[in-house]
Amino acid sequence: DAMVIQNPRYQVTQFGKPVTLSCSQTLNHNVMYWYQQKSSQAPKLLFHYYDKDFNNEADTPDNFQSRRPNTSFCFLDIRSPGLGDAAMYLCATSREAGTSQTQYFGPGTRLLVL
Amino acid sequence: RKEVEQDPGPFNVPEGATVAFNCTYSNSASQSFFWYRQDCRKEPKLLMSVYSSGNEDGRFTAQLNRASQYISLLIRDSKLSDSATYLCVVNGRSNYQLIWGAGTKLIIKP
């Protein structure tokens, strides 16, 4: 029944230790997004894929990378997590690109950096 | 000025009351507007899109005021289950970018 799945739901990592968050979808949507959301703040778009085309937001640090090996899966890699990267990471999908599209979110992965 | 601004609240409202909150946006060319609901430590979920003519879905009414560049959300006969953060979302300057507000926290009290 789940449509956008994120694993793990909680991730603890050490300062500077690479970490990968995963997202999968059963909706067969073309677009997948990664957002970062800190407490009481708006979700901040990091990047998105339209099919295999990667689109990085201008202010997304190089420390954040993404991979989309196929339609269903998308990964967020944080190469050297800092304390400031502790946040909720939300994956979302939409059928097509375009701002009129509804975005469907996964439950998020809460990242803690020690 | 932020591109999308919301009163963070919290709005503390008794059950059964009507509550309304606004969201202002800076891009006069924006065409797409949404309200999302986010429960504590959960993901955002679409509550409703906002159309130029205004729209209603049960107890929820959304309106757009282009002249003053704000959208509003009205909740009638509020329920305890309406307690959540309500996020305003407006399209940005590119054809894929959505700008999210930080949300208005609503607490419905028995």
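All values below were derived from every heavy atom in this structure, side-chain atoms included, with hydrogens, water molecules and symmetry-related copies excluded. Protein chains get the first letters and strands the later ones, always in sequence-line order, with residue 1 at the start of each.
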State whether the number of non-hydrogen atoms from other residues, nucleotides or ligands found under 6.0 Å of [X] atom [atom1] is greater than 12.
| X | atom1 | value |
| --- | --- | --- |
| A/R95 | CZ | no |
| B/Y51 | OH | no |
| B/Q63 | CD | no |

Which of [range] have a heavy atom under 4.5 Å from any heavy atom of chain B?
| range | answer |
| --- | --- |
| residues 34-43 of chain A | A/Y35, A/Q37, A/S40, A/Q41, A/A42, A/P43 |
| residues 103-114 of chain A | A/Q103, A/F105, A/G106, A/P107, A/R110 |
| residues 64-71 of chain A | none |

Could you tell me which portion of B/Q38 (side chain, backbone, both or neither) has an atom closer than 4.5 angstrom to a non-hydrogen atom of chain A?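 For B/Q38, side-chain heavy atoms alone lie under 4.5 Å from chain A.
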Let me know if B/F33 has heavy atoms under 4.5 Å from chain A in its side chain, its backbone, both or neither.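 Contact with chain A involves no heavy atom of B/F33 at all.
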For chain A, find which of B/G103, B/P44, B/G101 contributes the most heavy-atom pairs closer than 4.5 angstrom.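 Max contact count across the listed options: B/P44.
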Max heavy-atom pair count under 4.5 Å with chain A, selected residue of B/A102, B/P8, B/C88: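 Winner by heavy-atom pair count: B/A102.
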Count I, L, V, M, F, W, Y as connected when their side-chain heavy atoms are under 4.5 Å apart, and connections chain through other members. Are [X] and [Y] then in the same cluster?
| X | Y | value |
| --- | --- | --- |
| B/F21 | B/L64 | yes |
| A/L90 | A/V31 | yes |
| B/V50 | B/L73 | yes |
| B/L106 | B/M48 | yes |
| B/L87 | B/F34 | yes |

Any pair counted as disulfide bond (SG atoms under 2.5 Å apart), so long as it reaches residues 30-114 of chain A, sequence neighbours left out: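 Qualifying pairs: A/C23-A/C91.
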Tell me which of these, A/M88, A/E57, A/K44, has more heavy-atom pairs under 4.5 Å with chain B than the rest.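 Among the listed options, the one with the most contacts to chain B is A/E57.
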Distance, nearest 0.5 Å, that separates OG1 of A/T102 from NZ of B/K45: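 If I round to the nearest 0.5 Å, the distance is 14.0 Å.
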When rounded to the nearest 0.5 angstrom, what is the spacing between CG in B/L98 and CD in A/Q101?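 Taking CG in B/L98 and CD in A/Q101, the distance rounds to 10.0 Å.
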